[in-house]
Amino acid sequence: MAAQEEFFGGIPKIPYSPNAGPGDVLRFKHYKAEEVLMGRKMEDWLRFSVCYWHTFCGTGADQFGSPTLHRPWNEGTPMDSAKKRLRAAFEFFTKLGVKYYTFHDRDMAPEGSTLEESNRNLEEITDLALQLQSQTGIKVLWATCNLFAHQRYMNGAATNPDCHVLAYAGAQLKKGLDTAKKLGAENFVFCGAREGFFSVHNTDVAAELKHMANFFKMAVNYKDKIGLKCQFLIEPKPKEPCKHQYDYDAMSVIGFLQHYGLETHFKLNIEPNHTTLAGHSYEHDVVMASAFGMLGSVDSNTGSPDLGWDTDQFPMDIRNTTVVMKVIVEQGGLQPGGLNFDAKMRRESTDLEDLFIAHIGAMDTFARGLRNAVRIIEDGLIAGMVKERYSSFSHGLGQRVEDGSASLEEMEAFIKQNGEPNVTSGKQEKYESIFNHYI
Ligand code: XLS
Ligand code: NI
Ligand code: NI
């Protein structure tokens, strides 16, 4: 049998070399998969995943320019190149040492001219994916359906004003859930890229929200019916491509899920670049989702606040990864979710090795964030200060507020007896200085 084509010749399995020099960017200097921190291996805290769409389908094209990223797997018919791409992807995952990947149905296999043809394409390619998964042990972190790129979805999928389009989305989703089951996906993501509007004048917002909820209910029912054991995740995003998207941010999605009684069936996949697009700080939605027990997974990327769109850059800022990892460790991990690099090469980063450099750099950035977060948590200095700050809720009236048994009458009696409170310093700069000590 002919040897399999190698796509990343000259790049070996990426080693852990903590003493490598600063210019040696094809090695991990911080990420040591097997190292145990707070009782868990680094790889199990981090659960890294490579995304299919940017890393293997990205062309570098933008609104002003044609493709700049010419990949050796883009050869032959669409089905030929889909197979080559898949083999290249598994070579990449293996050399990088990442155990998970994510994909949309339509970036794995090309869309056909009918639903049946699209489904056949997907079946053929996922047969190969299944084979490569069992050869390598690499798994699907999450699968999703692309319900936004085809022109039929220009007015939305689950929120389309025409039920015929909604039905197409439902048919596509049915196959997507079957595919998730076939490949053993641990999660399934819903990204409402066109679920929103450009103009309130032509939009029945209340109807669209209800249709979206009912679409999700169909998904929950079908999942139960086929015995698909995976976590459903909604990925908030405020805008782009729409002017307003219903899944605006973590709190909007949590409110939506609770309003329609769906909150036990879904968690959130937070993408920090979407969080900053919503006008929040990098970590905001990770913090909010976790506070509600709804943080399921993270699309670990970053944006450029000075640009203001979804630039999907690789996360390279140690301050950000430290804050995010602190939340993740404090909630006991992300499993069955993970850290998915929904991040794309700049169109100017044209070498094949840049794909490795970007992922290695981001993995090391998260490994450092994890180490920092663990030191912050183990030292307990910040936690002790926060505990002290809220200590009035651990006894007496505070405890009754805490457990929900206090009344306004009691508040009044307390103030009449105790008078004005002694206000204390918030010490923000002290916290910031201590945090900086760890990074
Ligand atoms: C787009 C989203 C997308 C989802 C999956 O902005 O981030 O990539 O993660 O459809
Ligand atoms: Ni994403
Ligand atoms: Ni995005």
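Indexing begins at 1, ligand by ligand and atom by atom, following the structure's order. Side chains included, hydrogens not; waters and symmetry mates left out as well; all remaining heavy atoms used.
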Any carboxylate oxygen within less than 4.0 angstrom of a Lys/Arg side-chain nitrogen, looking at R152 and E111?
yes
I'd like to know if E6 and K95 make a salt bridge, using a cut-off of under 4.0 Å between side-chain N and carboxylate O.
yes
From the candidates K344, Q245, H104, the one that places a heavy atom nearest atom 5 (C) of ligand 1:
H104
heavy-atom search around atom 8 (O) of ligand 1 in the protein gives D342 OD2, 2.9 Å
Say whether H54 and ligand 1 are in contact under the criterion: heavy-atom distance to a ligand atom below 4.0 Å.
no
Could D354 and R346 be called an ion pair, given the rule that one side-chain N must be under 4.0 Å from one carboxylate O?
no
Would you call E75-K84 a salt bridge at under 4.0 Å N-O?
yes
Can you list the protein N, O or S atoms less than 2.8 Å from the Ni ion (ligand 3)?
E271 OE2, H274 NE2, D310 OD2
The reported gap from CZ in F56 to CZ in F90 (rounded to nearest 0.5 angstrom) is 9.5 Å
Which of the numbered atoms in ligand 1 are below 4.0 angstrom from a heavy atom of D299?
9 (O)
Can a donor-acceptor pair be found between the side chains of N121 and S118 at a distance below 3.5 Å?
no
Does ligand 1 come near enough to W142 that some N or O of the ligand is less than 3.5 Å from an N or O of the residue?
no
D310 versus ligand 1: do any nitrogen or oxygen atoms come within less than 3.5 Å of each other?
yes
What about the rings of F190 and F216, do their centers lie closer together than 6.0 Å?
yes
Among all protein non-hydrogen atoms, which one is nearest to atom 2 (C) of ligand 1, and what is the separation to 0.1 Å?
E235 OE2, 3.2 Å
Distance col, row T94:OG1 vs K99:NZ, nearest 0.5 angstrom, shows 11.5 Å
Can a salt bridge be assigned to the pair K182 and E123 using a cut-off of 4.0 Å between side-chain N and carboxylate O?
no
With Q428, which residues qualify under side chain to side chain contact (heavy atoms under 4.5 Å, CB included), at least two apart?
E432
Contact atoms of ligand 1, heavy-atom distance to K237 under 4.0 Å
1 (C), 6 (O)
